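Quantities reported herein were computed from a predicted structural model and do not represent experimental measurements. Start at 1 and go down the list; that is how both ligands and their atoms are numbered.
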Amino acid sequence: MREIPLSRPWVTEDDKRAVMEVLESPHLALGPKLREFEEISARLAGVRHAIAVSSGTAGLSALALALGWKAGDEILTPSFSFVASANTLMHAGARPVFVDIDPDTLNMDPRHAAALITKQTRGIQAVDVFGLPFDAEAIEILCRSKKLDLIEDSCEAVGARHADGRAAGSLGRGGVWAFYPNKQVTTGEGGVVLTQDDAVASFVRSVVNQGRGENAGWFGHVRLGWNYRMSDINAALGTSQLARLDEILRRRRAVAGLYEQRLKGRGPWTLMEDLGRSWFVYVIILQEAGLRDRLTEHLKERGIACSHYFAPIHLMPHMRQAWGCREGQLPVTEDVSRRTLALPFHTMMPEGDVERVCRELLAFTR
Ligand SMILES: *Cc1c(COP(=O)(O)O)cnc(C)c1O
């Protein structure tokens, strides 16, 4: 029985040619392909600055430092996200304060965020969960009225747009897209920091490049820095992929549509609505946690990969230990995360594979 993978990158002949071109050039790093990748990212996001980095995680870390988030600061962020969202705040020394989610959008609930604000609250790191932009209107009003900095973890939302047309990742003081192979667009490993803010851009560019000053030369280190750069090899792959972003998003939307056709109203689950999202994963929410777990076993036995997106961050051992988080703290997050199931989903997924997954789902729950 052929395995159906959870995800698979789409790499074309053009992508391979773009990478080979770099390998045949003398510029494997800090070369023209890196600049080109940053330019296309900035253009797509409609922002002044894009700084390519070695991962989405590196980008979030750099942004947290750029805003001066540090020990004693509290940053509001959802627990229903990938662990990097909260870890990067802690690497800066700040405290992630976990906000519950809206059960329909699975994004941060602005009313719960407002209720968690204290004198120590410095900012909000909003996440576009599963590629759906968060409630920007409510969160931006909250940030303005409480004088909080906003950053956007758009690691799952490349190409998505907020209701008013602004690109996911372009709001607040800065945002990040990520390019791990399971994302919509991949560079192998990689990310990009997007910002309209000249000071943030200049700090991020420096801190991810050994703390070098602008035009200060190879040994012109002016601050504590990392090497969180992206190589030109990765950048060339990313540029080639971003050039067909529209096609990628269209194909992914079509695969999601095939699932919806076969599954909507046909079983004990709810489906994620499109709502203009950039489709990252295809998640269904089962009516009941036990059923989700039995179904997981069943699919795996049949060679169909699936996964439980997300495990709540606040209940991970390092978060319980650091911040005293406990069960019952975020009722919606905890309930939803026991019932979600990510099905196989990728840009070039054959219709026959969608059919096989759906057949198994329908047969098991009939
Ligand atoms: C993928 C992801 C990240 C991290 O990106 P990496 O490139 O894997 O470091 C951060 N936040 C969210 C929500 C993600 O999905």
Does Arg166 CZ have over 12 foreign heavy atoms under 6.0 Å away?
yes
For atom 15 (O) of ligand 1, the protein heavy atom that lies nearest, with its residue and separation
Glu156 OE2, 2.5 Å
Just jot down the ligand 1 atoms closer than 4.0 angstrom to any heavy atom of Ala178, in number order.
5 (O), 7 (O)
Against Phe130, only a single residue in Trp279, Phe80, Tyr282 fulfils ring pair (Phe, Tyr, Trp, His ring centres under 6.0 Å); can you say which?
Phe80
Find all atoms of ligand 1 within a distance of less than 4.0 Å from any non-hydrogen atom belonging to Ser81, and give their numbers and elements.
13 (C)
Go through the side-chain N and O atoms of Asp15 and Trp10 and say whether any donor and acceptor fall under 3.5 Å apart.
no
What is the nearest protein non-hydrogen atom to atom 11 (N) of ligand 1, stated with its residue, atom name and distance?
Asp153 OD2, 2.8 Å
Salt-bridge test for Arg205 and Glu38: reply yes if a basic N is under 4.0 Å from a carboxylate O, no otherwise.
yes
Could you find the nearest protein heavy atom to atom 6 (P) of ligand 1 and give me its residue, atom name and distance?
Gly56 N, 3.5 Å
Does atom CD (Glu137) have a neighbourhood of more than 12 heavy atoms from anything else shown, all under 6.0 Å?
no
Tell me the contacting part of Lys183 for ligand 1: side chain, backbone, both, or neither, using a 4.0 Å heavy-atom threshold, strictly below.
side chain
Only one of Arg253, Lys264, Arg252 passes salt bridge (Lys or Arg N to Asp or Glu O under 4.0 Å) with Asp274, and that residue is Arg253
Would you check, one step at a time, whether the test side-chain hydrogen bond (donor to acceptor under 3.5 Å, both in side chains) holds for Ser206 with Arg212?
CA-CA 5 Å; Ser206 167; Arg212 290 191 171 98; over 6 Å; no
Can you tell me which portion of Thr57 lies within the under-4.0 Å heavy-atom range of ligand 1? Options are side chain, backbone, both, or neither.
both
To the nearest 0.1 Å, how far is atom 8 (O) of ligand 1 from its closest protein heavy atom, and which atom is that?
Tyr180 CB, 4.1 Å
Just to be sure I'm reading this right: ignoring hydrogens, which of Cys155, Gly190, Pro181 gets closest to atom 3 (C) of ligand 1? Compare them by their nearest heavy atoms.
Cys155
If every non-hydrogen atom of Val336 is compared with every non-hydrogen atom of Leu106, which pair is closest and at what distance?
CG1-CD2, 3.9 Å
Within the structure, is a non-hydrogen atom of Gly191 found at a distance of less than 4.0 Å from ligand 1?
no
Which atoms of ligand 1 sit under 4.0 Å from any heavy atom of Ser55?
7 (O), 9 (O)
Which atoms of ligand 1 are found less than 4.0 Å from any heavy atom of Phe82?
2 (C), 3 (C), 12 (C), 13 (C), 14 (C), 15 (O)
